[in-house]
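Everything below concerns the one structure shown next.
For reference, positions follow the sequence shown, starting with 1.
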Amino acid sequence: MSMSNKQIEEKFLQKEEKCIICIPGKMLDTFSHATVQLYIALVARQDDHGLFIFSVNKFPNPSINDLDIDKVVPVDADLRTVSEVPDISQKKDFYVLHLKSKFINAQLVLPDHTSTATFLEELTRAQSVYSNIVAFGNPPTFAWLENYNRQNDNPFAKDVFDPFVKNNQMKKAEALTKPPSLPVAPPRRMRAVHIRNGQSLPPPVPDRPRNMKEPISQRITDLSELDPLRKAASKQSLDELDIDDFGGSSEFPDVQKMLGLGSSEPSTESGAKPVSARETIVKYMMNEREVEFTDISKLKIFVGTWNTNGQSPPISIAQWLQVDLEPPDIYAIGFQELDLSNQAYIFSDSAKENEWQHAVKSCLHPKGRYRKVKLVRLIGVMLIVYVNEKHSNKVHFIDSDTVATGIMGIMGNKGGVGVRFTIESTSICFLCSHLAAHQDELERRNQDYRDISSKMRFKQFVPPLTIDEHELVFWLGDLNYRLNDLDIDTVKSMIKNSKLKDLMSYDQLHRQLGRTEVFKGYSEAEVTFQPTYKYDINSDDWDSSEKSRPPAWCDRILYKGGGITSLKYRYHPELKISDHKPVSDLFDVEVRVVDEEKSRKVYEDIMKQLDRLENDYLPQVKLDKTEIILNDVKFIDTKEDILTITNSGQVPVNFEFIQKLDEPSYCKPWMMASPSKAVITPGKSCEINISVYVDKKSAAVLNSGEDKLEDILVLHLNGGKDFFISFLSGNYIASSFGSSLEALIQMHGPVREIPTAQLVEIEQPGSLVKRDVLNQGGRLYAIPKEIWRLVDHLWQYGCDQEDLFQQPGLNKEIQLIRDCLDTGAPEKIPGSIHSIAEGLLLFLESLPDPVIPKSVHRRCLECSNNYLLCKQIILQIPEYHRNVFRYLCSFLKELLSKSQNNGLDIKFLASLFGDVFLRPDHHYVPTSSKSNKNVRSVAKEEEMKRAAFVYHFLSNSIDDV
């Protein structure tokens with residue numbers, strides 16, 4: 001019997017939620033091949049979608065009252081779906097749908113009916129909608145689905161945590177992870193049982209909302225569950241890019257076999273409940289006593305880096321990767337300037353990636369067999385990590401991230417990439433970066449380091465892991481640090497006379513290590529090889545070009561953590577295809593191995609302690625303040641305060657900031673609390689950094705009065721009460737950054753001289769239409785004076801600047817530029833040309849409605865291949881938008897006339913400004929997403945269309961626009 005959409009909505013859903021389609025089916029047990037009757041529905045809430053799986057209490061002919069919500073799965077990037085259609089030749093008269101995500105891993109049998117085909121079409125469309133929303137920077141939170149999965153918040157009630165039982169289908173259980181606010185130890189690999197008072201018991205069923213019964217997933221084995229505290233995709237581990245998760249087979253594959261992992265690969269039990277406060281405290285206390293149950297094992301790690309100058313690989317790179325007698329246990333190989341083509345700066349595909357990946361794979365040590373852990377690339381920066389096959393079953397919790405430090409943070413010509421994982425019980429992070437170039441850009445290099453350090457987040461963990469939350473960190477790459485205070489002849493003479501130690505004292509990085517906050521905590525082995533830059537290609541001769549760059553140790557390998565010993569730090573001059581020489585360092589590192597018998601004893605002791613505490617104590621804390629006030633908050637200027645929480649009770653306290661009703665996060669977008677959750681032991685304190693940062697996404701609503709710098713943080717104690725912390729900003733200083741074009745052309749003076757009430761008034765949509773210039777006096781600017789000042793300065797002082805719009809500016813200088821535009825003083829804009837260029841892009845990016853209004857975005861893409869149609873659209877947009885567009889295009893055309901000096905290319909400018917001029921609103925869904933194209937193809941196609949639209953106006957006359 002089918003269930004109507006209306007029945008599902010009335011019985012189970014909220015009024016904002018809509019059932020798209022609901023069909024009957026069966027879930028197949030992958031071990032016994034028995035089936036369980038169910039219904040599956042696709043539910044939408046605005047642009048979010050979720051799969052609702054209903055269990056059935058009555059057979060046959062169930063009614064709507066016989067259904068209970070069993071599982072709710074968000075339709076997001078993590079959800080993998082593969083469907084098999086009926087095949088008459090094989091007497092297969094049903095559909096098979098494989099579903100895999102961190103919430104479900106199941107095989108559904110669906111009837112051969114038109115409703116099933118419609119369901120699969122709608123599911124595909126929902127996945128495309130999600131992918132394209134994410135591509136445009138508005139990822140859904142799926143907070144509404146939590147109403148259907150909410151668990152009991154009592155930290156000790158129905159506690160099922162115990163890390164030692166063996167599941168009859170699983171070999172090992174999940175690891176323990178230290179709370180992120182404390183000095184972090186890696187996840188622990190330990191077996192799990194359910195123990196209560198020394199006896200094994202079946203796991204109790206956690207409380208569920210109304211209309212939910214025991215999940216089918218607790219009867220049908222679910223291999224995809226991950227540790228909820230830190231939800232790393234631990235099973236998507238090795239050779240992820242080389243293995244098809246579903247393999248096209250009609251049988252749902254065994255996950256461990258599918259991933260090529262040994263039996264000791266960690267995985268959680270089927271149907272595990274979310275982490276409780278007790279579990280978090282147990283993990284913390286286990287970490288505190290880890291020395292009692294861990295032993296030390298040693299591994300060899302080969303770390304290599306090479307700036308390849310955009311070249312293809314030579315026939316062999318064995319002179320770099322095979323120089324040691326014995327095979328290393330881990331390879332971490334980094335590249336910079338992998339691809340120097342203009343297309344690589346904008347689009348994500350690169351043939352060079354495959355070329356160099358093959359070159360590395362074919363030249364790994366012949367005495368070892370290796371598995372790829374992860375490859376990650378950001379334009380020309382690439383990092384590949386391999387592990388010896390004998391260790392592959394000990395590697396888990398793999399993740400990666402990228403940080404662009406090029407101009408606006410959207411250009412990946414400079415930046416860093418990272419790969420992290422846990423081997424045995426030790427967390428390792430590898431970072432590969434390419435920092436800012438040129439002799440006099442020391443501060444920009446330091447800023448790049450700070451940006452990568454602060455922005456690198458491994459987001460498969462909750463909350464995301466930072467670099468410093470790893471025990472072993474290796475930072476490699478073209479760090480671009482140069483030699484100070486020496487002329488080129490002196491440098492060459494000292495190299496020739498083997499005075500490398502004396503020469504190193506002039507190295508910019510060497511002068512900072514251990515003396516400043518730059519690369520704080522990192523070490524470098526003694527450098528005994530000559531500088532690795534700059535050489536004539538295919539030779540060992542120093543740069544003989546007109547620029548004659550001085551030699552420098554640009555290519556470096558740094559490390560941080562205990563138990564790391566550098567064995568061989570060297571360069572490899574035999575490889576000559578680049579103006580850099582490759583560098584490597586062989587490390588001996590110590591990793592911890594858990595002794596499970598000792599671990600069991602420690603665990604049992606901790607459980608006894610907690611059992612005594614549980615009966616006698618409740619969590620109690622004291623806050624040093626309940627109100628936070630930050631004065632004079634400015635655009636892109638961080639303001640901070642410290643909130644101190646002290647555990648005044650007798651039991652460890654597990655706290656976190658929780659979201660308020662109907663809000664997607666615990667705080668507004670411009671605020672952050674770090675850490676947002678932690679464990680505090682009795683008598684100890686935890687300092688919470690409360691920071692406010694108004695960026696291009698939040699400035700507009702503050703300028704217009706739609707939002708205020710006011711919020712309330714809810715601090716929740718698991719098992720205890722909630723505390724409310726009021727955030728009240730003394731004031732937000734309005735900025736021209738984030739003001740609309742409509743308002744800017746009405747401002748006669750600097751924005752800071754305009755009364756707040758008047759600013760809010762002119763920021764309202766349609767304010768220009770209501771203004772009567774003849775009667776009210778004053779005038780309207782053709783274009784905002786702020787844009788004119790930025791462009792005029794760039795034209796006067798920067799039109800011949802090399803790498804214009806490619807090198808990032810300095811944060812401090814951009815803040816000075818902001819103050820100059822907002823106050824009108826000084827007359828000449830301060831800062832370097834690169835900072836002012838980035839300031840112009842940031843100003844345009846901060847406009848609430850872009851230069852080409854969002855309302856015509858779709859039409860612009862649709863007619864991007866026809867110049868006449870593009871002109872018609874520009875002629876139809878508001879005059880003040882059209883004036884700015886014409887002015888900026890004229891400026892860009894003038895820059896292109898100086899391309900022999902500045903090196904600018906029309907395609908590069910069209911691509912860069914295409915993304916700035918044309919921005920969709922957050923509800924936009926690309927038309928092409930309805931086709932079978934994947935997300936990457938759709939995003940690339942739209943990038944090309946935006947670039948093509950702008951290209952027309954840069955390559956043709958705009959006098960009649």
OG of Ser685 to CD1 of Ile645, rounded to nearest 0.5 Å, is 9.5 Å
Quick one: does any side-chain atom of Thr405 pair with a main-chain N or O of Gly415 as donor and acceptor, under 3.5 Å? yes
**Message:** Between the side chains of Glu424 and Arg592, is the shortest nitrogen-to-carboxylate-oxygen separation below 4.0 Å, so that they form an ion pair?
**Reply:** no
Handout entry: Leu717 side chain near Asp722 side chain, heavy-atom distance below 4.5 Å
Key = no
>> Determine whether Phe458 and His470 satisfy the following criterion, ring-ring contact (aromatic ring centres under 6.0 Å, His included), listing intermediate values before the conclusion.
In response: CA-CA 11 Å; Phe458 298 101; His470 293 83; 5.5 Å; yes
| request: Show the numbers, then the answer: is there a side-chain contact (heavy atoms from CB on, under 4.5 Å) between Lys660 and Phe724? | output: CA-CA 11 Å; Lys660 298 177 284 294; Phe724 298 90; over 6 Å; no
So CG of Leu713 and CD1 of Ile725: to nearest 0.5 Å the spacing works out to 5.5 Å
Exercise. Taking Asn811 for the side chain and Ile814 for the main chain, is one N or O donor matched with an acceptor at less than 3.5 Å?
Worked result: no
Q.
What I'd like to find out is whether the side chain of Arg420 reaches to under 4.5 Å of the side chain of Leu465, using heavy atoms alone.
A. yes
Quiz prompt | pair Tyr522-Val473: side-chain heavy atoms closer than 4.5 Å | solution = yes
Query raised in the report: Should Glu517 and Arg450 count as an ion pair when the cut-off is N to O under 4.0 Å?
Result: yes
- [ ] Please examine the side chains of Pro848 and Ser704, heavy atoms only from C-beta on, and report whether any two atoms are closer than 4.5 Å.
- [x] no
For Ile688 and Pro675 the tightest heavy-atom approach is CD1-O, 3.5 Å
When rounded to the nearest 0.5 Å, the distance separating CD of Glu17 from CG of Asp48 is 10.0 Å
- Message: When you measure from the side chain of Asn287 to the backbone of Lys283, do you find a donor-acceptor pair of N or O atoms at a distance under 3.5 Å?
- Response: yes
ask   = Are any non-hydrogen side-chain atoms of Asp399 and Phe461 less than 4.5 angstrom apart?
value = yes
NZ (Lys560) and CD (Glu471) are apart, to the nearest 0.5 Å, by 12.5 Å
ask   = Just wondering, are more than 12 heavy atoms of other shown residues or ligands nearer than 6.0 Å to CD1 in Ile712?
value = no
Taking every heavy atom of Leu709 against every heavy atom of Val694, the minimum-distance pair comes out as CD2-CG2, 4.4 Å
Q. Does the Asp624 side chain pair with the main chain of Thr644, one donor and one acceptor, at a distance under 3.5 Å?
A. yes
Next on the checklist: Tell me if the NZ atom of Lys625 is crowded by more than 12 foreign heavy atoms within 6.0 Å.
Outcome noted: yes
Lys/Arg N to Asp/Glu carboxylate O, Arg457 vs Asp401, below 4.0 Å:
no
Looking only at heavy atoms, the pair that brings Lys102 and Asp78 closest together is N-OD2, 2.7 Å
| message | Is it true that Asp822 and Ser735 share a donor-acceptor pair across their side chains at a distance under 3.5 Å? | response | yes
With no hydrogens and no angle check, is any side-chain donor or acceptor of Asp605 less than 3.5 Å from a backbone partner on Gln609?
no
- Item | Note, Val72 side chain near Phe103 side chain (heavy atom, < 4.5 Å) | no
- prompt: Hey, mind stepping through Ile296 and Val591 against side-chain contact (heavy atoms from CB on, under 4.5 Å) and telling me if it holds?
  reply: CA-CA 6 Å; Ile296 298 299; Val591 298; over 6 Å; no
task: Report the C-alpha distance between Phe474 and Leu431 in whole Å, list the side-chain angles of each, state the deciding distance to 0.1 Å, and finish with yes or no for side-chain contact (heavy atoms from CB on, under 4.5 Å).
output: CA-CA 6 Å; Phe474 298 88; Leu431 302 159; over 6 Å; no
Between Ile423 and Ile428 the two heavy atoms that sit nearest each other are CG2-CD1, 3.6 Å
- May I ask you to test the Ser427-Phe421 pair for a side-chain heavy-atom distance under 4.5 Å? no
_Run Tyr449 and Trp475 through ring-ring contact (aromatic ring centres under 6.0 Å, His included) and show every step you take._
CA-CA 10 Å; Tyr449 156 75; Trp475 194 310; 5.4 Å; yes
Smallest heavy-atom separation, Ile680 atom then Cys686 atom, equals CD1-CB, 3.6 Å
Acceptor/donor pairs from residues 662-672 side chains to any protein atom, 3.5 angstrom cut, sequence neighbours excluded:
{"unit_1": "Tyr666", "atom_1": "OH", "unit_2": "Ala673", "atom_2": "N", "d": "3.1"}
{"unit_1": "Tyr666", "atom_1": "OH", "unit_2": "Ala673", "atom_2": "O", "d": "3.2"}
{"unit_1": "Lys668", "atom_1": "NZ", "unit_2": "Asp707", "atom_2": "OD1", "d": "2.9"}
{"unit_1": "Lys668", "atom_1": "NZ", "unit_2": "Glu710", "atom_2": "O", "d": "3.0"}
{"unit_1": "Trp670", "atom_1": "NE1", "unit_2": "Asp707", "atom_2": "OD2", "d": "3.1"}

Residues pairing under side chain to side chain donor-acceptor pair (under 3.5 Å) where one sits in residues 631-640, two or more places apart or in two chains, turn out to be Asp632-Asn731
message: Quick one, Cys429 and Glu469 - any side-chain contact, counting heavy atoms below 4.5 Å?
response: no
Under the side-chain contact (heavy atoms from CB on, under 4.5 Å) rule, what do Phe737 and Leu842 come out as? Steps first, then yes or no, please. CA-CA 8 Å; Phe737 288 81; Leu842 179 60; 4.1 Å; yes
Give a yes-or-no answer on whether the side chains of Asp819 and Gln815 include a donor-acceptor pair shorter than 3.5 Å.
no
Nearest heavy-atom contact between Met456 and Val417 is CE-C, 3.7 Å
Rounded to the nearest 0.5 angstrom, the NZ-OG distance for Lys459 and Ser400 is 9.0 Å
Separation between CG (Leu759) and CD (Glu763), nearest 0.5 Å, reads 5.5 Å
*Stepwise side chain to side chain donor-acceptor pair (under 3.5 Å) check, Asn446 with Gln512*: CA-CA 10 Å; Asn446 292 343; Gln512 296 184 104; 2.8 Å; yes
message: Any donor-acceptor pair under 3.5 Å linking the side-chain atoms of Glu656 with those of Ser676?
response: no
